[in-house]
K.L.:
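Let me begin by handing over the structure; questions about it come next.
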Amino acid sequence: MGAWSFVNWFEDNSGKWGVWEGCYGAGDGSILGTLAGGHPSFLPPRETSSAVFLVKTEGERERRDHGGECPSTETAGQQHLRSWRDALLILPHSSQWYPSPMGPLSREIRCEATAGTTSRGASTVPELDWDNLGFGLVPTDYMYIMKCFKDGNFQKGELQKYGNIDLSPSSGVLNYGQGLFEGLKAYRTAEGKILLFRPEENALRMKMGAERMCMPYPSVQQFVDAVKQTVWANRHWVPPAGKGSLYIRPLLFGSGAVLGLAPAPEYTFLVYVSPVGNYFKEGLAPINLVVESHFHRATPGGTGGIKTIGNYAPVLKAQSAAKSKGYSDVIYLDSIKKKYLEEVSSCNIFIVKGNKISTPALEGTILPGITRKSIIEVGRTHGFEVAERPVSIDELMDADEVFCTGTAVVVSPVGSVTYLGKRVQYGNKGVGLVSQQLYSALTSIQMGLAEDKMGWTVELR
């Protein structure tokens, strides 16, 4: 078979046809849908029907209907194919012509329709070593961008090819750090489904952070829809079941130009994704932490309780020093009494003593982690007594078991903690029983291995 071009069509509730995904020629799997001038929707076809329109020459067409009707050339503004040299693709709902990048092809036009949603077009499966994914950026195909101007309302967003963005040197985020980010994951189940984990919680946390940073914010529905569209457009980058996850990074930042200290006049909401493996190189193996006694992550009345970008660069100095000495990360103490636990650099921390699990209470200096919240609920359903309260350094050093939680790490057991030169080991250098139990319970829900009685997962369709 020679080179060919095809487009997948969907029929929406109003009976209109449109492009939802396209690829072209000779097996290279390149996306063609972006040629459709108005950024076509990346919605899946209706369950009733979808069709693939293969265009190969001028003037000839064969139609075979199997639950769906292929669009005809006449529906595109009563226009007909011109010279095949143009290798045209027709978008019936737009009355426009779009040249195929493949150029002149063989002499045939045919249309095939397929019932159901199983036919979703051809896409190139990424050639990645799924068994050895680290936690690093792997550029994917698409990102989502939505803008908000002075009226405070976000305009309708759109998917764009993943790449660099234009940003004024005088933007609010570059000059005054007016920005937030979120992190969540999508998982592929053994049955091939794609699940999101509690995306509405991330939307609510972004809202809380935006209010603190004097920024408008997308509604929960806008946030979740943007995440869904971005994941679906990049669904081939979701690792196979048990091989990792698709990390989702929503950003909200002041993109408008501002010179004096003031809220930016324009804001951008952006979502991009990357397939990832384990955050710590140890995987589900004990990590070694050191307590930081000089630097502090947050102070009362500050922004430690929100996910603003400015919270993270200040931890790099202490974290780098710790890693140079062989530690995995740093535990921070409160900045007032310097005796109570707060966070690890990007994780919440828990201690176990007998049947009691304790984690530092949220009092404005600690990020309200969504994995933290989930582990508290899972722990209680498994019969543990879970408390949110001040946890002292002395309790940490006397604990039976210690573990960290976060979107990136999920649950990470702690093998040792070093404080002022004293090193304490936990779990006989192995993964603690409680850490293992909670990790298995939570990841089974996230990956669709267990019934989601909590209603936490959202399946993409």
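From a predicted model like this one, the values you see are computed outputs, not experimental measurements. Basis for what follows: all heavy atoms, side chains included, without hydrogens, waters or symmetry-related copies.
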K.L.:
Can you name the ring pair (Phe, Tyr, Trp, His ring centres under 6.0 Å) partners of Phe269, sequence neighbours left out?
P.N.:
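Scan of Phe269 (ring pair (Phe, Tyr, Trp, His ring centres under 6.0 Å), adjacent residues dropped) gives Phe223.
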
K.L.:
I'd like to check the ring pair (Phe, Tyr, Trp, His ring centres under 6.0 Å) partners of Tyr267; sequence neighbours left out, ordered by chain and number.
P.N.:
none

K.L.:
Please enumerate all residues that pass side chain to side chain contact (heavy atoms under 4.5 Å, CB included) together with Ser274, with sequence neighbours excluded.
P.N.:
Leu137, Val138, Val276

K.L.:
Residues two or more places apart in sequence or in another chain: which of them pass salt bridge (Lys or Arg N to Asp or Glu O under 4.0 Å) with Asp452?
P.N.:
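Asp452 satisfies salt bridge (Lys or Arg N to Asp or Glu O under 4.0 Å) with no residue once adjacent residues are dropped.
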
K.L.:
Sequence neighbours left out, what passes ring pair (Phe, Tyr, Trp, His ring centres under 6.0 Å) with Tyr176? Give chain and number order.
P.N.:
none

K.L.:
Go through the structure and list residues passing salt bridge (Lys or Arg N to Asp or Glu O under 4.0 Å) with Glu377, not counting sequence neighbours.
P.N.:
Arg198

K.L.:
Sequence neighbours excluded, which residues qualify as salt bridge (Lys or Arg N to Asp or Glu O under 4.0 Å) partners of Asp225?
P.N.:
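Salt bridge (Lys or Arg N to Asp or Glu O under 4.0 Å) list for Asp225, sorted by chain: empty.
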
K.L.:
Considering only residues two or more places apart or on different chains, which pairs with a residue in residues 245-269 satisfy salt bridge (charged side-chain N to carboxylate O under 4.0 Å, His left out)?
P.N.:
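Those involving residues 245-269 are Lys147-Glu266.
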
K.L.:
Return the set of residues passing side chain to side chain contact (heavy atoms under 4.5 Å, CB included) with Lys317 (not counting sequence neighbours), or none when no residue passes.
P.N.:
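Partners of Lys317 by the side chain to side chain contact (heavy atoms under 4.5 Å, CB included) criterion, ordered by chain and then number, come out as Phe295.
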
K.L.:
What's the verdict on ring pair (Phe, Tyr, Trp, His ring centres under 6.0 Å) for Phe253 and Phe181, showing C-alpha distance, side-chain angles and the deciding distance?
P.N.:
CA-CA 8 Å; Phe253 56 92; Phe181 73 92; over 10 Å; no

K.L.:
If the condition is salt bridge (Lys or Arg N to Asp or Glu O under 4.0 Å), which residues does Glu388 pass it with, not counting sequence neighbours?
P.N.:
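Glu388: salt bridge (Lys or Arg N to Asp or Glu O under 4.0 Å) contacts with Arg372.
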
K.L.:
Can you list every pair that meets salt bridge (charged side-chain N to carboxylate O under 4.0 Å, His left out) and has a residue in residues 163-182, with sequence neighbours left out?
P.N.:
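Non-adjacent pairs meeting salt bridge (charged side-chain N to carboxylate O under 4.0 Å, His left out): Glu182-Arg205.
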
K.L.:
Regarding Glu395 and Arg389, does a basic nitrogen lie under 4.0 Å from an acidic carboxylate oxygen?
P.N.:
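A salt bridge links Glu395 with Arg389.
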
K.L.:
Could you name each residue pair satisfying salt bridge (charged side-chain N to carboxylate O under 4.0 Å, His left out) that touches residues 334-345, not counting sequence neighbours?
P.N.:
Arg297-Glu343

